[in-house]
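Everything quoted here is computed from the prediction, not taken from an experiment. Below, chain A is the first sequence line, B the second, and so on; all start at residue 1.
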Amino acid sequence: MNYQIPNLVNTDTFVFRIGELSRMTGVSSRQLRYWEQREYISANTRDDQNKARVYDFHTFLQVSIIKKLQDEGYRLPAAVEKMRSIEKEILLARKFFKVAFNGVEVVEGKMYLNLGYFDKAKTQVLYGLYENGEASYEVRPANDNSN
DNA sequence: ATTCTTACA
DNA sequence: TGTAAGTA
């Protein structure tokens with residue numbers, strides 16, 4: 001069997017304050033407050049207006065994407081608009097991987113990602129192999145691969 | 001130490 | 001956007 005890491009892909013509980021998010025993304029705290037004022041991003045609800053802002057992982061991704069697009073030449077409004085569509089793709093990809101990833105299995109010294117059953121009948125398993133920065137796949141029988 | 005708002009460059 | 005001021 002393979003060990004399932006509890007929060008490998010669960011970043012839902014990650015929270016950061018403005019200084020941390022700033023260092024993580026390279027976006028100044030001034031910008032983060034300004035972007036919030038323009039409703040491009042948002043911090044978790046604050047009971048007290050003078051209380052410190054708390055950002056979640058989702059916002060970290062949004063800020064990272066906007067920053068990347070700005071560096072590529074997009075102006076803030078356009079970067080935000082494009083980020084809105086990109087984040088949907090990222091969200092879908094993360095949801096997919098969260099469900100598809102079934103741990104790692106070592107075969108002949110190589111680490112294979114168990115990506116779940118390949119067919120509806122569950123007779124074959126799809127394995128992903130990461131080598132030299134590239135991904136490749138292998139389909140093997142579901143039963144005779146556990147020892 | 002860090003963040004907050006406001007205000008001015 | 002950066003920065004300074006005066007707080008919390």
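A:S28 comes within 4.0 angstrom of sugar-phosphate atoms only, judged by non-hydrogen atoms across all strands, and of no base.
Atom-to-atom, CZ of A:R38 to P of C:dT1 comes out at 11 Å; the value is rounded to the nearest Å. Taking atom CD of residue A:Q37 and atom P of nucleotide B:dT3, one finds them 19 Å apart after rounding to whole Å. Atom CD1 in A:I18 sits roughly 14 Å away from atom P in B:dT2 (whole-Å rounding). Spacing between atom CD1 of A:I66 and atom C1' of C:dT1 amounts to 16 Å, rounded to whole angstrom units. One interatomic measurement links the two molecules: CG of A:D48 to P of B:dC4, which rounds to 11 Å at whole-angstrom precision. Straight-line distance from the CG atom of A:L32 to the P atom of C:dG2: 10 Å, rounded to whole Å.
Following chains of ILVMFWY side-chain contacts shorter than 4.5 Å, one can reach A:V106 starting from A:V139, so the two form part of one hydrophobic cluster. In the hydrophobic cluster analysis, where Ile, Leu, Val, Met, Phe, Trp and Tyr join through side-chain heavy atoms closer than 4.5 angstrom, A:F118 is grouped together with A:V104. Cluster annotation: A:I41 and A:V54 are assigned to distinct hydrophobic clusters (Ile/Leu/Val/Met/Phe/Trp/Tyr, side-chain heavy-atom contacts under 4.5 Å, transitive). Follow the hydrophobic side-chain contacts under 4.5 Å out from A:I86 and you reach A:V63 in the same cluster.
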Are any protein N/O atoms closer than 3.5 Å to N/O atoms in nucleotides 5-9 of chain B? If there are, list each pair with its distance.
unit_1	atom_1	unit_2	atom_2	d
B:dT5	OP1	A:R46	NH2	3.3
B:dT5	OP1	A:Q49	O	3.1
B:dT5	OP2	A:R53	NH2	2.2

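Using cut-offs of 30° and 60° on the angle between ring planes, the pair A:F57 and A:F16 is tilted.
Between A:Y34 and A:R38, the side chains place a donor N or O and an acceptor N or O closer than 3.5 Å (distance only, hydrogens not considered).
Checking B:dT2 for Watson-Crick or G-U wobble geometry (two distances, each under 3.5 Å) identifies C:dA8 as its partner.
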